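It should be emphasised that the depicted structure is a prediction, and the values quoted were computed from it without experimental measurement.
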Amino acid sequence: MLLDTSRLTDAQLAEYHEAGFVIPDYRLSESTLADLRAAHSRFIERYPAFVDYCPALLPLETEFLKFARDETILNMVGQVLGNNFALWNSSFFAKPAQVGTRTPWHQDGEYWAMRPLATCTVWMAIDDATPENGCLRFIPGSHKGKRVRKHRINNAPGLALNQELTQDEFEESEGVDLVLEAGQMSLHDVYLVHGSEPNRSDRPRRGMTLRFMPTSSYYDREIERRQNASSPYPSLNEQELRTFQRVPLYLMRGTDLCGRNRYAGSFSEENDFRWDDET
């Protein structure tokens, strides 16, 4: 009997809700991995400042949208979020060999501007991810309280992010390594506590995320504006910076439920984006 990888099984869906994350059976094809690596190389040639980490690919390069068109990924996200959801972010965590930075323990919700907080992140391994090259580490079940825990600012060098959970908010010994082969992926919850160690190995650890939110949430542009005020990127010119700091939303399945979001485009049944006048 052939394994059906087009959807999460009932057991996998239950695991997502219990642990806050799951590794589905579905894998990216070798041709998709080759396309992703080539697209990332072109992106880094144009924006070398993001060689280690780029928090927002789509404002600068819409080529990465095609990787969000994967129907199987959308089916799995729909199982978690329901029939109405939007793509609001795609990031790249490159972690080059020997120099890849550490990501401190945190919750994604500390950074994000949608209200109510709700996101399913798809983390795709572009290379093998192991403890040696800085794979993700999760605290299973840490999402259950559905609250953002206390973070502190840590501007020490060598960190991919500057918000770090205080030590009394989690137990690091409960962390588990997210070991993935290239092409595998995980789905995880917005409240899940996670982090990763630096890459001291001779192998890169590239990973790309797709972040989806239910359209019952709205993306708060006032929160976005306040966050941007303290997040300069001097390597970008003025026009690039304005573009980079404006998160585009793409309606992927269903309809807008809250009536407060504006979409840069939408995903049609014909596997194409329909571009609206307003972005």
Inset, instruction - List the steps and the verdict of side chain to side chain contact (heavy atoms under 4.5 Å, CB included) for Ile23 and Leu178. - result: CA-CA 9 Å; Ile23 302 172; Leu178 185 72; 3.7 Å; yes
Inset, instruction - Find the distance between SG (Cys135) and CZ (Arg205) and round it off to the nearest 0.5 Å. - result: 8.0 Å
Inset, instruction - With rounding to the nearest 0.5 Å, note down the distance linking CG in Leu241 to CG in Leu60. - result: 9.5 Å
Legend entry - Contacts of type side-chain contact (heavy atoms from CB on, under 4.5 Å), residue Lys146, not counting sequence neighbours: His143, Asp189, Tyr191
Legend entry - Contact summary for Val77 and Cys120, nearest pair of heavy atoms: CG2-SG, 4.5 Å
Legend entry - Working for side chain to side chain contact (heavy atoms under 4.5 Å, CB included), residues Phe212 and Arg253: CA-CA 10 Å; Phe212 302 90; Arg253 288 278 175 89; over 6 Å; no
Inset, instruction - Give a yes or no on whether the backbone of Val247 and the side-chain of Glu224 come within a donor-acceptor separation of less than 3.5 Å. - result: yes
Inset, instruction - Can you run down the salt bridge (Lys or Arg N to Asp or Glu O under 4.0 Å) pairs that involve residues 127-140, sequence neighbours left out, and say none if there aren't any? - result: Asp127-Arg206, Arg137-Asp177
Legend entry - Nearest heavy-atom neighbours spanning Ala56 and Ser91: N-OG, 4.3 Å
Legend entry - Donor-acceptor contact present, side-chain Thr209 to main-chain Val122, <3.5 Å: no
Inset, instruction - Please round to the nearest 0.5 Å and tell me the distance separating atom CG of Asp70 and atom CG of Asn75. - result: 8.5 Å
Legend entry - same_hphob_cluster(Val179, Leu136) at 4.5 Å side-chain heavy-atom cutoff: no
Legend entry - Results of side-chain hydrogen bond (donor to acceptor under 3.5 Å, both in side chains) for Glu30 - residues two or more places apart only: none
Inset, instruction - Output yes when a side-chain donor or acceptor of His151 lies under 3.5 Å from a complementary backbone atom of Tyr111, and no otherwise. - result: no
Legend entry - Pairing residues for Ala11 by the side-chain contact (heavy atoms from CB on, under 4.5 Å) criterion, not counting sequence neighbours: Thr9
Legend entry - Connected-component partners of Ile223 among ILVMFWY, side-chain separation under 4.5 Å: none
Inset, instruction - Evaluate the side-chain proximity of Met124 to Thr32: yes if any heavy-atom separation is below 4.5 Å, no if none is. - result: no
Inset, instruction - Give every residue pair that meets the salt bridge (Lys or Arg N to Asp or Glu O under 4.0 Å) criterion with at least one member in residues 97-124, sequence neighbours excluded. - result: Arg102-Glu164, Asp108-Arg211
Inset, instruction - For Glu169 and Thr166, indicate whether the former's side chain and the latter's backbone hold a donor-acceptor pair under 3.5 Å. - result: no
Inset, instruction - Kindly indicate whether the side chain of Thr215, heavy atoms from C-beta on, has any atom under 4.5 Å from the side chain of Leu251. - result: yes
Enumerate donor-acceptor pairs with a distance under 3.5 Å from any side-chain N or O in residues 78-87 to protein atoms, sequence neighbours excluded.
residue, atom, partner, partner atom, Å
Gln79, OE1, Leu8, N, 2.8
Gln79, NE2, Leu8, O, 3.0
Asn84, OD1, Thr255, N, 2.9

Inset, instruction - Find out whether Pro214 and Leu257 are in side-chain contact, i.e. whether some heavy atom of one side chain is under 4.5 Å from a heavy atom of the other. - result: no
Inset, instruction - Report yes if the side chains of Ser217 and Cys258 come closer than 4.5 Å at any heavy-atom pair, otherwise no. - result: no
Inset, instruction - Determine which pairs satisfy ring-ring contact (aromatic ring centres under 6.0 Å, His included) with at least one residue from residues 4-38, sequence neighbours left out, and list them in order. - result: Phe21-Phe138
Inset, instruction - With rounding to the nearest 0.5 Å, note down the distance linking CZ in Arg147 to CG in Leu117. - result: 13.5 Å
Legend entry - Co-members of Ile139 in a cluster of I, L, V, M, F, W and Y side chains, linked at under 4.5 Å: Trp105, Leu165, Phe170, Val193
Legend entry - Point-to-point distance, once rounded to the nearest 0.5 Å, from CD1 of Ile126 to CE of Met185: 8.5 Å
Legend entry - Contact check, side chains of Ser142 and Arg149, non-hydrogen atoms, under 4.5 Å: yes
Legend entry - With Asp52 via side-chain contact (heavy atoms from CB on, under 4.5 Å) - residues at least two apart: Lys95, Pro96, Thr101
Legend entry - Side-chain heavy-atom pair Gln98, Asp202 within 4.5 angstrom cut-off: yes
Legend entry - Shortest non-hydrogen contact from Ser90 toward Leu58: CB-CG, 4.0 Å
Inset, instruction - Name the orientation class of the two ring planes belonging to Trp88 and Tyr219 (parallel below 30°, tilted from 30 to 60°, perpendicular beyond 60°). - result: tilted
Inset, instruction - Decide yes or no for Gln245 and Gln227: does some side-chain heavy atom of the first lie under 4.5 Å from some side-chain heavy atom of the second? - result: no
Inset, instruction - Nearest 0.5 Å please: distance from the CG atom of Asp25 over to the CE atom of Met76. - result: 9.0 Å
Legend entry - side-chain hydrogen bond (donor to acceptor under 3.5 Å, both in side chains) against Asp35, all qualifying residues, sequence neighbours excluded: none
Inset, instruction - Using the test side-chain contact (heavy atoms from CB on, under 4.5 Å), find all partners of Ala39 that sit at least two apart in sequence or belong to another chain. - result: Arg42, Glu63, Phe64, Phe67
Inset, instruction - Check whether the side chains of Gln163 and Asn154 place a donor and an acceptor atom closer than 3.5 Å, and report yes or no. - result: no
Inset, instruction - State which residue, out of Phe92, Phe93, Phe50, fulfils the ring pair (Phe, Tyr, Trp, His ring centres under 6.0 Å) condition with His40. - result: Phe92
Inset, instruction - With the side chain counted from C-beta on, respond yes when Leu249 and Tyr218 share a heavy-atom pair under 4.5 Å apart, and no when they do not. - result: no
